[in-house]
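As structure tokens, the structure follows; a few thoughts come after it.
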Amino acid sequence: MSQHLVTLPILIPMIGALALLLFNQASDTRRRQLSTALCVAQVLVAAWLLAVAVAGGGQMLFYALGNWHAPFGIVLMLDRLSALMLILTAVLALGSVLFACAGEDARGTNFHGLFQLQLMGLNGAFLTGDMFNLFVFFEITLLASYALMMHGGGKERIGAGLHYVILNLAGSALFIVALGVLYGATGTLNMADMARRVAQMSGDQAALVTAGALLLIVVFSLKAALLPLYFWLPRTYAAAPAPVAALFAIMTKLGLYAILRVQSLIFADTPVAEAIATWLWWSGLATIALAGVGVLAARDLRTLVAYLVLVSVGTLMAGTALGSIDAIGALLYYLPHTTLICGALYLIAELISQQRGKAGTRLVRGRRLHQRHLLGGMFLVAAVAVAGLPPLAGALGKALLMQAAEGSARLWLWPLLLLAGLCALIAMSRAGSVFFWASYKGEVDSGRVTRPQLAGVLWLLASAPLLVAFAGPVSGYTQATAEQLAEPQAVIARLLGESPALQFGRLTIEGESR
Amino acid sequence: MKAMGRLLPTPTLSLVLLITWLLLVRSIAPGQLILGAVLAVVIPLLTRGFWEPLPQVRHPIKLARFVLVVLYDIVKANVQVSLLILSPKREPHPGFVEYPLSVKDPLTITLLANTITMTPGTVSTNVRLDRSSLLIHVLDMHDEQALVREIQERYERPLKEIFEC
Amino acid sequence: MNLYLLAEAVVAFLLVAGGIFAFTGSLGMLQFKDFFMRLHGPTKGTTLGIGCTLIASMLYFTVTQGEFHVQELLITLFLFITAPVTGHMLAKTGLHMHLRFTTGTRGSVPEFRDEDVGQSRVARPAKARHPWRSRRQKRRGRLPR
Amino acid sequence: MALLWIPLLTLLGALVPVATSRHGRRLCTLATLVAPLLALGLVLIHAPAVLAGEVVSVSLTWMPLLGLDLALRIDGLTLLFALLILGIGSLILYYAGHYLSADEDDGRFLAYMMLFMTAMVGIAMADNLILLWLFWELTSVSSFLLIGFWGHRSDARRGARMALAVTGAGGLALLAGLLLIGNVVGSFAMADVLAAGDVIRASAHYPLILVLVLLGAFTKSAQFPFHFWLPHAMAAPTPVSAFLHSATMVKAGVFLMARLTPALGDSQLWAVALSLVGLTTMLYAAWFALLQRDLKGILAFSTVSHLGLITLLLGLGSPLAIVAAVFHILNHATFKAALFMSVGIIDHETGTRDIDRLGALWSMMPLTGTMVILAGAAMAGFPPFNGFLSKEMLFEQSLLNDVLGALSGLIPLLVMVAATLSVAYSLRLIWSLFFAAPKLTREQKAEPPMHVHDPARGMLAPGLFLAAMSLAVGLFPMTLAAPLVNAASLAVQGDTTPLISLALWHGLNLPLAMSLMAVIGGILLVRHHRRLANIAALFPARDASLTFEAAVLKVIKATLWLTQRLENGSLQRYQALLVLCALVMVGVGLANLESLTGPLGMQPLDGMLVLGAALIIFGAVGSALSHRWRLVSLLMLSVVGLTVSLTFVRFSAPDLALTQLSVEVVSMILFILALFFLPQRPPLLVSQRRILRDLLLAASLGLVVAMLNYALLTRETISIADYFLREAVPGGGGTNVVNVILVDFRGYDTLGEITVLTLAGLATFKLLNRMKLFKPSGNLEGIRWSRHRYPLILAVIAQILLPLALLVSVYIFLRGHNQPGGGFIAGLITAVALILQYMARGHDWTRERLPISYPAVAVSGLVVAVATGLASWLFGYPFLTSTFGHFHIPLIGEIELASAMLFDVGVYLAVVGATLMILINLGRVTTIHRPTLEER
Amino acid sequence: MEALFSLVVGVLTASGIYLLLRGRTFPVIIGLALLGYAVNLFLFSTGGLNTHAAAVIGESITPSDPLPQALVLTAIVIGFAMTAFVVILAIRARSELGSDHVDGQSGEAGDAK
Amino acid sequence: MLEIALMISLSLIVMAMAMNVFRLAKGPDVPDRLLALDTLYVNSIALIVLLGLWLNTKTYFEAAILIAMLGFVGTMAICRYLLRGDIIE
Ligand code: NA
Ligand code: NA
């Protein structure tokens, strides 16, 4: 069984989703139990995989689907980075699902089934070692996200959803073109194989690869929401149902993951990587700046959080552009924190709006919250975390990233990061004081936080102190991840062997051919 | 016999399916025959619900004759129409004819209408809701009554005979 | 050898004939004056044209590969099932949409049409102008109701 | 290890009040006091060693990557601060227990106080710069909560936000500064940093470091021009002011400067910056303190002024100046805490803090009066109070300074002016509160006179104790303060042992004269206070806080404007940006291309190709041009679809052709549904410029893509394809390589693909849920709908076609592995045949005959596919491994069975289910909601 | 031939993009469909334009590259799924937003944005 | 002889398709265009068959079957749309 472990992050949600979809006559309770159990299972499996990725000084695990040897078949590839993304997804998903179990799931059809399918898509994308397969799993993720985003319907969601969907469809078309160029130029789809071939290219062939790679980065930038391709995000995230918006916190990171993967594996040490880094750097910085502006301008908590997501995207991208091991290690430390906290913030926003009646999450005086201390406490923790204030992990992550910037890069990154942090500070303090202090006297005992909702939020919020308490091991892990990413040759050698020529023959787990 | 009836509710359809299968696979190997036979039984059973009762072919020979006549007419019609199209001098005189239907069965009406569409300068345009008549557009019309008579004689009567209705 | 030559001649003939029928069918569709007349070309010429081509193909493969190739019959079958329905439904649609007849069209249709359509028309907002069609070209007249 | 317990105790102490507040105020307060007192005890245990000059420290590795250690230390400076924080803090906690009114949430309040205390203790004890910063920012956050404790008041909210914004910003600057220090020194450990003063000062970054660090310190310590938040923070409950704004938080900045003096001090820049800012702050704030009417305002500005004083002393930098600074930190904390507490008492008892409305309280509140007089005298610097001692030292040091070069002589003069003002506001406080008559308006006079009295002992005791301490320290400085001050200044200055002699009487010297002049001047000022106020009123000083608020508002307005301009909610813009990005990026790649045409060159053209190209171009351009004539546009699109299928035929891709053809049919039906339910005649609302822009963008991207395509087509690649061609039969058991790739080599992709398809079905299901749509009563020509609902001939043909189509789909399915075909195409054929039934006979009729759930069909297709894939586990092979075998069956002969075919069955089911789910649900929804228009 | 093929792909792309930039859902959907054809042809052509050989073993000695064909097949199916979804989304959007403009009724005010 | 016949036939079909397109562009009414499109579909069957003859392969035969069997469904759908609006009711 353990040799198939790496397929479980894909198979568990998939089989679970199928069960949920087939037995859609089952009671809400049953479905919730199943969905939660699936998420718990994914957390456990992801933890196991993390342990596998750590074991033996960071080994990599390959799984030849259909028993076809790379580069011919599709391989799953588990390294430290994918293990990190998997556990992050699983943790976030568990929080979202718990929250959804409070009733959001019943507002439309097939919530849990679609949710699990989205997880399947995400996990699949994080595990695959094949470019086209990455596209396929991107599409699974996207389609599930479209459906989930419009769960429950309503003017706002449909309107925002239309933008989100159409833009992403255009993006997918560009994705195919980029894949076409890369396949046309390299003749392969396996990432490691592609890397090996790209490294040997020169002249016009290299120019074509550059064009394809840059187009690919445009697509990933759209998903990751980089300037000037982020405008869809605030409205989409603000309109999505809370548990979905929370899960969406990982969607932008999927873009980041993809960029990181191709940048570090396929185009490592080529002129392409430089071009990509240049784009990421300036676009990331501009994203930080404009998202910081948006943070100040936001008049609704959900929009505000959306811009905070964008700030984190910009930060992560600028970090990716720096490209050093320290920078990658730093951004990977910052990544789980920002993902989980932004997720938690969407959930908290929903709880706040539940108790504020018409005022919702708009930053205007409204009704007094019934459970203001509980909500206020959670909001405070999340706000402190997201603004990058001590003692939570945001501060450490930011400091780490700033420290990783060298020379003139500092000149841009430091002020922007600090100012964006200040914007977040100002905006979140404004929001908090409006919600929890500046309220009318009247208060209604409705929309009480239910137990699953509380569980979901606390599960996500717990990450903030835990990432600080275990900052040493976590940052050690991310640093090791960065080091692993810096060694693409190791992947190529492990997967394809030393021989530069194409290998024919089949790989079996037991070492015997069938 | 009863079991047979249940197994093969529409023997003609089954036969057509078997023949079609053999045409498709271009083989009369025993395996294909068996497979074709199975499909010829299974598919009609599967689509039983969709199969509204249709009149049975009572006189296959008349059907064959009818088919030949129609094929001949199709070729003839095509040559005529082609000439009409290719020679710019002849001005066709188009017109509509209301053709009174004496058959009421859907299949027969369909066959008739389709035959009319496929043959000399005529296209069936509309069947009345009460199936009392068929509107025909004629590309080059000279004698309305003759046309109606010809259709009656050449197509409608044989069809009636084939299906005995 | 002679048989081959004959077969070749027949195939060639059928091919050319098929081409001509298909061509005239489409030509008719192009040059006739009203929709109902245009309908006649494709419903007949094209169908027969394809039929000839298919028979040619059947013959060709049967002769060259030495085994029966009769699959083409299937295409013909499907075509003979579907083509007349298409023609019929198109004609019906044309009738329903009050398409113009060329002057001199004989016979009467309003009764048929009324049965289908009813008496009144629905008020609609002004229609978007088609980019390629000048106003003058627009329907010059309809049958009197 | 015991050191760790100090912040840990206070942190755990934050939980105590929350847990105990249910059991009454008294118990809660006392329980809360346990933790800080224990912590104080722990500090005191280390006191002897520290006073002897030792540094007690502990260090645990925390985040080596960042250089962050959990490192704590107690040296002299820490000891001084820890005692202030924990000692005065405890007194204030005790006081707070009495201060809050009964209905207020004491548990939360005390918890915030404890949290704050933790942060402060952390700053004082931090032995690592990053750790220090963590605690530093934590004070900002906890003080935000404390200042905003009365959040229902708008001034409290504003004050809290302002404090957070200013100190938070400073904190961020500080982080930058500290990171730079770490960068220069190579370590964040305090000992390393303090020892590396020379390295830091020699570094090119030194000025920047200094600016950043001082920004942090100045904002926190409310130095000019960042002072404005402090008076507004007075909206907090008085215990907060007493704690934060006298003893601790504002001292954090001063502490930081003192702490980093060995590392950053001892430079001209440092001296000038600190002394100038300190001096300005001292003067400016003292002047405003004199003009305030709000008691807390007076104290607030006075605090600012005294912080300026300390800063100035640190800037002067001589050993004795530092001793004075440290000493004044201690002194100021004692008397200012006492003063705040007494102001709290007065506010509490009288209900007002307006100095003009209050007066003649001495007779009613003698104990409070005593407290104010003692502490106020200390603040004024009267002998024999502690304030006098430190002020004398300041005078002395100011006379000795040379930091400003030729202008150094100004410093003592200005210091004296500040001292005069200080005397004045102190006297004013005492005089108007307790001895002068209140200045009341007519209405206020009409109200019954106040009957107030001293409060309960619990509220008085802490303040009285502190006031008494300021006297005691003044009287016995060497016993009570010297060791502590000595140790602290030692910590600040490193090795140099300062000459300490704290004494009341230094003989008749210039500083004494200055003190005397200040006292006389102060008395004069108080006497002419009214005139002074009139003069001040002539120059209405713009309140810095208002400027700040206005600036913040302006910034927010600007951001709003910018955001709305950028993000205008127009999808068209976002799409254009995407296109532009793609264009630029591909363009960059293509720009490096040396020749567009590669070595392969071109194959010849023929008529069919030209026709195909013409058809596609016609269809594409046609559908773009006629997009407002939607049906036509759709027909043009259909031409493209057909021709693309033919292209696949032409270029040897039969599977693709079959797939494309069957997809075309289904898509067409979908588009027509869209056509029907979308408005038929869109208004034209577009400018010529817009069209031009779009055409340009579209054409450019088209060009770039074409170039890319051409460049690729004319170059050869060594692809992995040979492997598939070689392995398809021996390894995959099929001759149709495309199909073998789909179900075997890359079956995983196909699994994903049918998942997408099923997902699409489920997603549309979701969208159609509760959708409202109405059927228009006529078509786009305005003609009523035909009454032939189910045309006869179509119905008959559909019926005949169904079994034939099913047969064909079985055929296509079975041959898939070896010839073009397969589950996907077969599925689409089945689906189309069924859709034809729906079209010909209507939804209800068909549904009656086919009562299966399409989602279930689709999902079971996926189940079959996954199960097939999983089956390989049983044989020890990876997921989706396929197998095949040849079997001989009598009569039938050799047949081949491949597990991949079972997988293909899954594909078939998924396709049928998903396609029907999508189309039929849409059809059904509309039928249900359509207003009936029955045949007449 | 290659030039002509590229031209076709380019024209398809351009038409698709032009329609994609329109303000109403229907043309946008048509644009996406055109774009879909363009990218599928693009991906397809990366295996080379092979006239005489389907990738069926035994059909020809020089079969064409089957991999792009398999990829395009997947892309067609995914494209179809996406088209279906976006069509129904457009209908739903019209029913929710009261307009078929991509920006809802706010877009009706003018395309000048 | 066969070569020439094939070329003639192909040319005729290509011309026929060109005329279809012309009618499709010209209209003037939707049914005209629809008729043109349908004819284009039917003619493409001939094209595929001729291509099969030319390349001497039957690989593309199923494509022709598919057009013959399913090509008319789209036309039916549009007719229904013009007649009844709702195509599945
Ligand atoms: Na296939
Ligand atoms: Na319907």
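The sequence lines fix the lettering, A, B, ..., with proteins before strands; numbering per chain opens at 1.
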How many angstroms lie between CE in F:M76 and CG in D:L794, if you round to the nearest 0.5 Å? 6.0 Å
Distance (rounded to the nearest 0.5 Å) between D:I835 CD1 and F:I88 CD1: 6.5 Å
Could you point out which residue of F:I78, F:D38, F:L40 forms a side-chain contact (heavy atoms from CB on, under 4.5 Å) with D:L635? F:I78
D:L661 and F:E62: CA distance, side-chain angles, deciding distance, side-chain contact (heavy atoms from CB on, under 4.5 Å) verdict: CA-CA 11 Å; D:L661 278 171; F:E62 280 69 26; over 6 Å; no
Rounding to 0.5 Å, atoms OG (D:S645) and OH (F:Y41) come to a distance of 6.5 Å
Specify the closest pair of heavy atoms between F:V73 and D:M839, including all atoms of both residues, with the distance to one decimal. O-CE, 3.9 Å
Considering non-hydrogen atoms only, spot the tightest contact between F:R84 and D:H788 and give its length. CD-O, 3.6 Å
F:Y60 and D:L646: CA distance, side-chain angles, deciding distance, side-chain contact (heavy atoms from CB on, under 4.5 Å) verdict: CA-CA 10 Å; F:Y60 310 108; D:L646 294 177; over 6 Å; no
Between CD1 on residue D:I825 and CG on residue F:L66, distance to nearest 0.5 Å: 7.5 Å
Taking every heavy-atom pair that is under 4.5 Å apart, which of F:A77, F:A36, F:G52, F:G74 has the most such pairs with chain D? F:A77
Could you look at F:L47 and say if it's the side chain, the backbone, both or neither that has a heavy atom under 4.5 Å from chain D? side chain
Part of D:Y811 lying under 4.5 Å from any heavy atom of chain F: side chain
Which answer fits F:F72, side chain, backbone, both or neither, if we ask what part of it has an atom under 4.5 Å from a heavy atom of chain D? side chain
D:V639 versus chain F, the contacting section by heavy-atom distance below 4.5 Å: both
So for D:S652, is it side chain, backbone, both, or neither that comes closer than 4.5 Å to the heavy atoms of chain F? both
Residue pair D:V832, F:M69: steps toward the side-chain contact (heavy atoms from CB on, under 4.5 Å) verdict: CA-CA 10 Å; D:V832 171; F:M69 191 172 71; over 6 Å; no
Ranked by heavy-atom pairs below 4.5 Å to chain F, first place among D:L836, D:V610, D:L634 goes to D:L836
So which part of D:R841 gets closer than 4.5 Å to some heavy atom of chain F, the side chain, the backbone, both or neither? neither
Should we count CG of D:L605 as having more than 12 external heavy atoms under 6.0 Å? yes
Please classify the contact of F:I48 with chain D as side chain, backbone, both or neither, using a heavy-atom distance under 4.5 Å. side chain
The interface call for D:L675 against chain F, heavy-atom contacts under 4.5 Å, is both
Within the structure provided, determine whether F:L51 and D:M608 are in side-chain contact (heavy-atom separation under 4.5 Å). yes
List the steps, then state whether side-chain contact (heavy atoms from CB on, under 4.5 Å) holds for D:W785 with F:D86. CA-CA 10 Å; D:W785 300 125; F:D86 201 351; over 6 Å; no
Verify the distance criterion only: is there a donor paired with an acceptor across the side chains of D:Y790 and F:E89 at less than 3.5 Å? no
Which atoms of D:V666 are under 4.5 Å from chain F, going by heavy atoms: the side chain, the backbone, both sets, or neither? neither
Return the minimal non-hydrogen interatomic distance between F:A18 and D:L611, and the atom names on each side. N-CD1, 4.5 Å
Value rounded to 0.5 Å, distance of CZ in D:F676 from CG in F:L82: 11.5 Å
Atom pair OH (F:Y81) and CD1 (D:I669), whose distance is rounded to the nearest 0.5 Å: 15.0 Å
In terms of heavy-atom proximity below 4.5 Å to chain F, should D:Q660 be classed as side chain, backbone, both, or neither? neither
D:I829 portion near chain F, given a 4.5 angstrom heavy-atom threshold: both
Flag, side chain of F:R80 to backbone of D:R789, donor-acceptor distance under 3.5 Å: yes
